[in-house]
A.B. asks: 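Provided herewith is a single structure, encoded as structure tokens, for subsequent inquiry.
Computed from heavy atoms alone, side chains included, the values below leave out hydrogens, waters and symmetry copies. Computed from a prediction, not measured in an experiment: that's the story for all the values here. A, B, ... follow the sequence lines: proteins, then strands. Residue 1 opens every chain.
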Amino acid sequence: MDIRFYNTLTNTVESFAPVDSECVRMYGCGPTVYDFAHIGNFRSFLFADLIRRTLEFFGHNVHQVMNITDVGHMTDDAVADGAGEDKMEAAAKRIREDKKSGKVPEGAVENPDDPYQIAQFYTDAFLEDARQLGMKVAFEYDDNILHATQNIEVMQEMISQLIDRNHAYVGPDGVVYYSVESFSDYGKLSGNTLDQLQTGAGGRIRDSDQAGKRHPADFMLWKADSSHIMKWDSPWGTGYPGWHIECSCMARKRLGRDIIDIHTGGEDLIFPHHECEIAQSRGATGADSFAQFWMHARFLMVEGEKMSKSTGNFWTVRDVLEGRATGNEVHPAVLRLELIKSHYRSNMNFTKKGLQDSAGVVKRLQELRSRLESQTSESANIDASHPILQAFGQCLADDVNVAGALGAVLPWASGDHPDAAESLGILDRINSVLAVAPLGDTGTEQADSDDQPDIISLCAMMDEARAAKDWPKSDEIRAQLEQAGYDVKTTPAGTIAEKKLA
RNA sequence: GGCGCGGUGGCCAAGUGGCUAAGGCAACGGAUUGCAAAUCCGUCAUGCGCGGGUUCGAAUCCCGCCCGCGCCUCCA
């Protein structure tokens with residue numbers, strides 16, 4: 001199968017082939033851990049997961065690596081490359097407040113002044129969210145998710161290399177800067193030239209912040225600052241690394257190559273972050289490429305508006321799952337599908353209605369599975385030549401067209417399934433990519449007719465009322481169950497209440 | 001100002017030169033039901049942001065315009 005992906009580097013859709021046919025190496029920029037990740041973050045993380053699963057669907061062996069940015073860095077964008085309030089300090093303040101309000105459980109972060117505790121708290125929260133949403137790499141935390149703070153040494157090595165190769169210099173202010181003029185391809189990824197960057201910046205860059213730089217676009221690799229909350233010794237003074245260097249280093253270190261296959265991230269990372277990564281990596285390795293393919297997910301809107309804290313539509317994963325976003329609890333598979341179903345290069349509009357649509361799809365696929373599993377315990381081994389998998393795969397191979405792939409799957413799902421084992425095999429292959437029916441690897445889903453005693457007894461009471469033809473009472477109980485977030489069904493075996501998926 | 005992406009029915013979303021424009025949701029009609037839910041059957045874009053052009057033929061190619069979004073040193 002010819003797999004084609006859109007490559008930001010060339011602005012075209014290209015055929016994908018890994019550098020090393022044995023293994024596809026992909027790296028994705030992960031979260032910063034000063035706060036809970038939001039659904040926009042997860043749209044792009046799940047997009048990376050989808051690419052991985054698509055490649056695996058076609059038989060590739062994939063090594064995926066992601067970073068956790070736990071170095072503080074700066075918050076104040078008016079200041080070019082440093083200073084400002086440290087993000088860890090800001091998080092410490094917030095955690096103290098959240099502990100008072102109960103948003104962060106008492107005892108979760110023993111000492112908010114310890115940035116490592118804060119980072120670990122939000123890292124754990126991120127991993128929990130990521131696993132709930134079926135992100136494969138989140139189950140490989142020990143191996144393939146790397147913390148910036150545990151890789152300071154390789155960063156320092158790369159900075160030394162860059163200095164040795166005349167790509168970096170120590171400015172008169174003592175800061176180590178990357179010299180963008182030393183790298184002729186700087187700007188290629190984002191379609192910028194150094195001239196454009198300079199004029200485009202307008203009045204936003206203050207001269208005082210440029211004092212130590214040879215070119216205004218030069219960016220920081222290391223800043224000596226012994227007052228910084230997270231700091232390490234280095235040949236350039238005790239301080240902290242620049243924001244971009246961690247990805248260059250960790251990708252190379254863990255993936256074991258100077259040139260990798262795919263690098264992913266949100267569209268906002270194209271510039272400056274990924275542009276700088278390329279400059280650093282290629283400057284250090286001397287190779288003519290860092291990642292063959294650069295793939296970026298577009299932003300997510302919420303009910304047609306930009307997601308922002310000020311408009312009150314800023315949702316974390318747990319806000320959505322626990323019902324704070326829409327008023328209904330949402331099954332993780334529904335959120336997963338909602339975040340992956342629209343094309344990654346279009347703006348997706350996250351809406352309550354969209355979630356309910358996704359819930360319908362998830363339910364259909366889950367019900368198909370239980371129907372098939374009630375008929376057979378075997379799942380036939382189906383190869384990709386089956387017409388449904390062909391159609392499904394062709395859409396995925398075409399720059400990850402999930403909507404098209406669903407268009408192939410859903411009519412099949414609604415149709416007849418004379419050979420249950422075959423259909424189950426097909427569903428398993430489809431679900432290896434979508435991961436919604438079921439979501440987890442374990443195959444266990446939350447029970448339907450929830451084991452909650454009160455729900456079961458309400459169902460029993462409804463059966464009694466119906467047997468006595470006491471219709472008003474029956475209707476009253478059904479309303480009560482629906483109020484509690486259940487779909488109520490009357491079956492030959494009696495009344496069943498199923499938790500709504502969204 | 002520069003660079004890039006996009007605009008398909010009430011909503012989501014395929015289709016990128018050629019039969020009657022996938023699929024889902026919603027809606028509506030019917031079967032079923034105590035009433036519902038679920039399920040099944042049926043209906044639902046002479047039109048693809050707007051205006052030109054190329055072509056035997058365009059949602060699809062070309063030109064112009066309008067609108068939305070992102071980036072241009074916090075950002076998924």
A.B. asks: What residue pairs, at least two apart or across chains, pass salt bridge (Lys or Arg N to Asp or Glu O under 4.0 Å) with a residue in residues 336-350 of chain A?
C.D. replies: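 Checked against salt bridge (Lys or Arg N to Asp or Glu O under 4.0 Å) - neighbours excluded - the pairs reaching residues 336-350 of chain A are A:D49-A:R336, A:E338-A:K341, A:R345-A:D399.
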
A.B. asks: What interatomic distance, in whole Å, is found between P of B:G6 and the corresponding atom of B:G24?
C.D. replies: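 Per the computed distance, 26 Å lies between those P atoms.
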
A.B. asks: I'd like to know whether the aromatic ring centres of A:F57 and A:F392 sit less than 6.0 Å apart in this structure.
C.D. replies: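 Yes, the ring centres sit under 6.0 Å apart.
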
A.B. asks: Give the rounded distance in Å between these two atoms: CZ of A:F299 and P of B:A76.
C.D. replies: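 Distance check: A:F299 CZ to B:A76 P gives 8 Å.
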
A.B. asks: Write down the distance between CZ (A:F271) and P (B:C74), rounded to a whole number of angstrom.
C.D. replies: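 Going from A:F271 (CZ) to B:C74 (P), I get 10 Å.
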
A.B. asks: To the nearest Å, how far apart are A:L194 CG and B:C72 P?
C.D. replies: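 Checked: the CG to P distance equals 16 Å.
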
A.B. asks: Determine whether the aromatic ring centres of A:Y186 and A:F183 lie less than 6.0 Å apart.
C.D. replies: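 No, they do not, as the ring centres are separated by 6.0 Å or more.
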
A.B. asks: In this structure, how many angstroms lie between the C1' atom of B:A76 and the OH atom of A:Y27, rounded?
C.D. replies: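 To the nearest whole Å, that distance equals 14 Å.
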
A.B. asks: Using residues 464-481 of chain A as the side-chain source, report each donor-acceptor pair under 3.5 Å to any protein atom, sequence neighbours left out, with the distance given to one decimal.
C.D. replies:
| unit_1 | atom_1 | unit_2 | atom_2 | d |
| --- | --- | --- | --- | --- |
| A:D470 | OD1 | A:K473 | N | 3.4 |
| A:D475 | OD1 | A:R478 | NH2 | 3.1 |

A.B. asks: Just jot down the ring-ring contact (aromatic ring centres under 6.0 Å, His included) partners of A:F5, sequence neighbours excluded, or say none.
C.D. replies: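 A:F5: ring-ring contact (aromatic ring centres under 6.0 Å, His included) contacts with A:F16.
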
A.B. asks: Should B:C19 form a Watson-Crick or G-U wobble pair with both distances under 3.5 Å, which nucleotide is its partner?
C.D. replies: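 Because no pair has both required distances under 3.5 Å, B:C19 counts as unpaired.
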
A.B. asks: Rounding to the closest angstrom, what is the interatomic distance between B:G9 and B:G70 at atom P?
C.D. replies: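 The answer is 22 Å between these two P atoms.
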
A.B. asks: Ignoring hydrogens and angles, tell me if any N or O in the side chain of A:D218 forms a donor-acceptor pair with the backbone of A:H215 under 3.5 Å.
C.D. replies: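 Yes, the answer is positive, given that a donor and an acceptor are paired below the 3.5 Å cut-off.
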
A.B. asks: Provide the distance between the two C1' atoms, one in B:G17 and one in B:G53, to the nearest whole Å.
C.D. replies: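 So the two C1' atoms sit 15 Å from each other.
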
A.B. asks: Using whole Å, report how far CG of A:L410 lies from P of B:A22.
C.D. replies: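 Taking CG of A:L410 and P of B:A22, I get 16 Å after rounding.
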
A.B. asks: May I ask you to say whether A:E181 pairs ionically with A:R214, meaning some side-chain N is under 4.0 Å from a carboxylate O?
C.D. replies: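 Salt bridge flag = no for A:R214 with A:E181.
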
A.B. asks: Measuring only the C1' atom in each nucleotide, how far is B:G15 from B:A21? A whole number of Å is fine.
C.D. replies: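 Looking at atom C1' only, B:G15 and B:A21 are 7 Å apart.
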
A.B. asks: Using atom P in both nucleotides, what's the gap between B:G30 and B:A36 to the nearest angstrom?
C.D. replies: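 Those two atoms are separated by 11 Å.
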
A.B. asks: Do nucleotides 27-40 of chain B as a string where each nucleotide becomes B, S or -: B if the base has a protein heavy atom under 4.0 Å, S if just the sugar-phosphate does, - if no protein is that close.
C.D. replies: -------BBBB---

A.B. asks: Sequence neighbours excluded, which residues qualify as salt bridge (charged side-chain N to carboxylate O under 4.0 Å, His left out) partners of A:E373?
C.D. replies: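 A:E373: salt bridge (charged side-chain N to carboxylate O under 4.0 Å, His left out) contacts with A:R369.
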
A.B. asks: Within this structure, what is the CD-to-P distance between A:E305 and B:G70, rounded to whole angstrom?
C.D. replies: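 About 12 Å, once rounded to whole Å.
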
A.B. asks: Please compare A:G360 and A:C29 by the position of their nearest nucleotide in RNA chain B and report the one closer to 5'.
C.D. replies: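 The answer here is A:G360.
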
A.B. asks: If the P atom of B:G57 is compared with that of B:A45, how far apart are they to the nearest Å?
C.D. replies: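 It comes out at 26 Å once rounded to the nearest Å.
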
A.B. asks: Mind checking who B:C28 pairs with, Watson-Crick or G-U wobble, both distances under 3.5 Å?
C.D. replies: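 Pairing partner, where one exists within any strand: B:G42.
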
A.B. asks: Send over the distance from A:E303 CD to B:G68 P, rounded to a whole Å.
C.D. replies: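 It is 20 Å, rounded to the nearest whole Å.
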
A.B. asks: Suppose you measure atom P in B:U54 against the same atom in B:C62; what distance do you get, rounded to whole Å?
C.D. replies: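 Taking atom P in both B:U54 and B:C62, they lie 15 Å apart.
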
A.B. asks: If you look at every strand shown and take non-hydrogen atoms under 4.0 Å, does A:I270 touch a base, only sugar-phosphate, or nothing?
C.D. replies: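 Here A:I270 touches no strand at all.
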
A.B. asks: Does the side-chain ring of A:F45 lie flat on the base of B:A76, meaning centres under 5.5 Å and planes less than 30 degrees apart?
C.D. replies: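 According to the criterion (under 5.5 Å, under 30°), no, A:F45 does not stack.
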
A.B. asks: Locate the shortest heavy-atom distance separating A:L300 from A:R43; write the atom from each residue and the value.
C.D. replies: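 Closest pair (atom of A:L300, atom of A:R43, distance): CD1-CB, 4.3 Å.
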
A.B. asks: When you check the phosphate oxygens OP1 and OP2 of B:G70, does a side-chain N or O of A:K306 lie under 4.0 Å from one of them?
C.D. replies: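 For A:K306, the contact criterion (side-chain N or O under 4.0 Å from OP1 or OP2 of B:G70) is met.
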
A.B. asks: Assess whether atom CG of A:D416 is packed by more than 12 heavy atoms of other residues, nucleotides or ligands within 6.0 Å.
C.D. replies: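 Open: at most 12 neighbouring heavy atoms sit under 6.0 Å from CG of A:D416.
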
A.B. asks: Paired with B:C3: which nucleotide, if any, by Watson-Crick or G-U wobble criteria at under 3.5 Å for both distances?
C.D. replies: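 B:C3 is paired with B:G70.
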
A.B. asks: Looking only at atom C1', what distance separates B:A13 and B:C74, rounded to whole Å?
C.D. replies: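 Result for the C1' pair: 34 Å, nearest Å.
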
A.B. asks: B:A59 pairs with which nucleotide, Watson-Crick or G-U wobble, both distances below 3.5 Å?
C.D. replies: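 Answer to the pairing question: none, since B:A59 forms no Watson-Crick or G-U pair.
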
A.B. asks: Using a cut-off of 4.0 Å between protein heavy atoms and nucleotide atoms, how would you tag nucleotides 2-15 of chain B 5' to 3' with B, S and -?
C.D. replies: SSBBS---BBSSSS

A.B. asks: Tell me the interatomic distance from A:H263, atom NE2, to B:A76, atom P, rounded to whole angstroms.
C.D. replies: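 So the NE2-P distance, A:H263 to B:A76, works out to 13 Å.
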
A.B. asks: Is there a Watson-Crick or G-U wobble partner for B:U54 with both distances under 3.5 Å, and if so, which one is it?
C.D. replies: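 Its partner is none (no Watson-Crick or G-U wobble pair with both distances under 3.5 Å).
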
A.B. asks: For the backbone of A:S190 and the side chain of A:E275, can you confirm whether one donor and one acceptor N or O come within less than 3.5 Å of each other?
C.D. replies: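 Yes; at least one donor-acceptor contact below 3.5 Å.
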
A.B. asks: With a 4.0 Å cutoff (strictly under), does any side-chain N or O of A:W412 reach OP1 or OP2 of B:G23?
C.D. replies: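 So the side-chain polar atoms of A:W412 never come under 4.0 Å of the phosphate oxygens OP1 or OP2 of B:G23.
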
